> 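Below is one structure. I have some questions about it.
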Amino acid sequence: QVQLVESGGGWVQTGDSLRLSCAASGSTFDNYHMGWFRQAPGKERDFVAVMSGSGRRTYYADSVKGRFTISRDNAKNTVYLQMNSLKPEDTAVYYCAAVDAINYDYKRQTDYSYWGQGTQVTVSS
C-alpha cells in the first residue's frame, strides 16, 4: 500500500502561485499513476491533473490547463502540483491520489486506491 501526505497549501491572492507536494511512502512510487483532485466548499470533488507512473503522460482539467503543472520526482517519492495565476475559483481542499492499475479512468475517483488527507488552498480577490 501507499501512504500519501499533501503539503504546501495556504492563503494567497488572485494571481499568486503555490506549489503543492504529495509525499508517498510504503511502496514503489514509480509504479503508481498519481492524480490531483480538489473539492471546493459545497461542491463535489473534481479531477485536476494526473501523471502516469512513467511520467510520459499528463492530463489536466480544462479549468486548469495552462496554469497548473503536475510533475514528479521519483527519487523523492513526491508528486507536485505547480499552480500559477491562481483564481478564487481554485479555492478548495486539494488531494493527491494514487493508482497502480494499468487500465483506469484518470478522471474516475473510484479507480484510485490511495488518498491523502488534503491540503487547503484559499485564493482571495
Side-chain angles (χ1 to χ4, degrees):
Q1 64 176 337
V2 172
Q3 295 80 47
L4 305 173
V5 180
E6 302 96 333
S7 62
W11 179 90
V12 297
Q13 297 278 353
T14 297
D16 285 353
S17 297
L18 282 174
R19 189 180 74 162
L20 306 183
S21 299
C22 175
S25 63
S27 190
T28 304
F29 178 72
D30 60 359
N31 289 339
Y32 287 83
H33 315 290
M34 299 297 300
W36 285 97
F37 296 79
R38 67 186 182 184
Q39 186 169 25
K43 300 183 69 176
E44 297 179 347
R45 187 165 60 187
D46 292 326
F47 167 77
V48 175
V50 66
M51 173 171 278
S52 64
S54 68
R56 298 189 184 99
R57 297 293 182 184
T58 59
Y59 299 94
Y60 296 90
D62 289 342
S63 59
V64 306
K65 285 181 179 178
R67 299 190 298 120
F68 290 12
T69 303
I70 188 171
S71 62
R72 65 194 298 158
D73 185 341
N74 288 343
K76 297 181 178 180
N77 289 348
T78 301
V79 63
Y80 304 96
L81 186 68
Q82 178 67 46
M83 306 185 296
N84 298 327
S85 301
L86 283 163
K87 307 173 181 179
E89 306 93 272
D90 297 318
T91 295
V93 176
Y94 284 72
Y95 300 87
C96 65
V99 57
D100 63 357
I102 298 298
N103 298 314
Y104 75 107
D105 183 343
Y106 66 88
K107 291 185 176 181
R108 191 164 65 188
Q109 298 178 47
T110 55
D111 281 5
Y112 289 78
S113 300
Y114 306 102
W115 293 83
Q117 83 290 344
T119 186
Q120 176 71 48
V121 172
T122 302
V123 185
S124 62
S125 59

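Count residues from 1 along the sequence. The structure displayed is predicted, hence computed values, not measured ones. In what follows, every heavy atom counts, from backbone to side chain, and hydrogens, waters and symmetry copies are set aside.
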> Taking Val123's backbone N and O only, do any of them form a donor-acceptor pair with Thr91's side chain (distance below 3.5 Å, no angle check)?
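Confirmed, Thr91 side chain pairs with Val123 backbone.
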> Is the side chain of Thr14 donor-acceptor paired with the backbone N or O of Ser124 at a distance under 3.5 Å, no angle test?
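Confirmed, Thr14 side chain pairs with Ser124 backbone.
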> Between Gln109 and Phe47, does a side chain to side chain contact (heavy atoms under 4.5 Å, CB included) hold up when you go through it step by step?
CA-CA 8 Å; Gln109 298 178 47; Phe47 167 77; over 6 Å; no
> Starting from the C-alpha separation in whole Å, work towards a yes-or-no answer on side chain to side chain donor-acceptor pair (under 3.5 Å) for Asn84 and Gln82.
CA-CA 7 Å; Asn84 298 327; Gln82 178 67 46; 3.0 Å; yes
> Work out which heavy atom in Leu86 is nearest to a heavy atom in Leu18; give both atom names and the distance.
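Of all heavy-atom pairs spanning Leu86 and Leu18, the closest is CD1-N, 3.9 Å.
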> Run the ring-centre check on Phe68 versus Tyr60 and record whether the distance is less than 6.0 Å.
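No, they do not, as the ring centres are separated by 6.0 Å or more.
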> Starting at CZ of Arg72, measure out to CG of Leu81 and round the result to the nearest 0.5 Å.
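Arg72 atom CZ to Leu81 atom CG measures 13.5 Å (nearest 0.5 Å).
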> Side chains of Gln117 and Trp115: does their closest heavy-atom pair fall under 4.5 Å?
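Not touching, per the 4.5 Å side-chain cut-off.
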> Is the backbone of Gly10 close enough, under 3.5 Å, to the side chain of Gln120 for a donor and an acceptor to pair up by distance?
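Judged by distance alone, no pair lies under 3.5 Å.
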> In this structure, which one of Tyr95, Trp36, Tyr80 forms a side-chain contact (heavy atoms from CB on, under 4.5 Å) with Leu20?
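It is Trp36; the other options fail the test.
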> Mind checking the OG-OH spacing from Ser113 to Tyr32? Nearest 0.5 Å is all I need.
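The OH atom of Tyr32 is 7.0 Å from OG of Ser113, to the nearest 0.5 Å.
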> Locate the shortest heavy-atom distance separating Pro88 from Ser125; write the atom from each residue and the value.
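Nearest pair, atom of Pro88 first, then Ser125: CG-CB, 4.0 Å.
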> State yes or no: do Val2 and Val99 share one hydrophobic cluster built from I, L, V, M, F, W and Y residues joined by side-chain heavy-atom distances below 4.5 Å, directly or via other members?
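No.
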> Any side-chain to backbone donor/acceptor pair from Arg57 onto Gly53? Under 3.5 Å, distance only.
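Checked: no pair found.
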> Looking at Glu44, I'd like to know if its CD atom is crowded, meaning that more than 12 non-hydrogen atoms belonging to other residues, nucleotides or ligands lie closer than 6.0 Å.
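At most 12 heavy atoms, drawn from other residues, nucleotides or ligands, come within 6.0 Å of this atom.
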> Within this structure, what is the CG-OH distance for the pair Leu4 and Tyr112, rounded to the nearest 0.5 Å?
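Between atom CG of Leu4 and atom OH of Tyr112 there are 11.5 Å.
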> If Ile, Leu, Val, Met, Phe, Trp and Tyr residues are connected whenever their side-chain heavy atoms lie under 4.5 Å apart, and connections chain through other members, are Tyr114 and Val48 in the same group?
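Yes.
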> Under a 3.5 Å distance rule, please check whether Thr119 uses its side chain to pair with a backbone N or O of Ser7 as donor and acceptor.
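Side chain of Thr119 to backbone of Ser7: no pair is present.
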> Taking Val64 as the fixed residue, which of Met83, Lys87, Arg38, Glu89 is the one that meets the side-chain contact (heavy atoms from CB on, under 4.5 Å) rule?
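The passing option is Arg38.
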> Check whether the ring centres of His33 and Tyr104 lie less than 6.0 Å apart, and answer yes or no.
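Distance test on ring centres: under 6.0 Å, yes.
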> Going from OG on Ser85 to CZ on Arg67, what distance comes out if it is rounded to the nearest 0.5 angstrom?
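Answer rounded to 0.5 Å: 7.0 Å.
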> Nearest 0.5 Å, what's the CD-SG distance between Glu6 and Cys22?
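Between Glu6 CD and Cys22 SG, I get 5.0 Å after rounding to 0.5 Å.
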> Nearest 0.5 angstrom please: Thr78 OG1 to Met34 CE, how far?
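Separation between the atoms: 9.0 Å.
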> Taking it one step at a time, do Thr58 and Val50 satisfy side chain to side chain contact (heavy atoms under 4.5 Å, CB included)?
CA-CA 6 Å; Thr58 59; Val50 66; over 6 Å; no
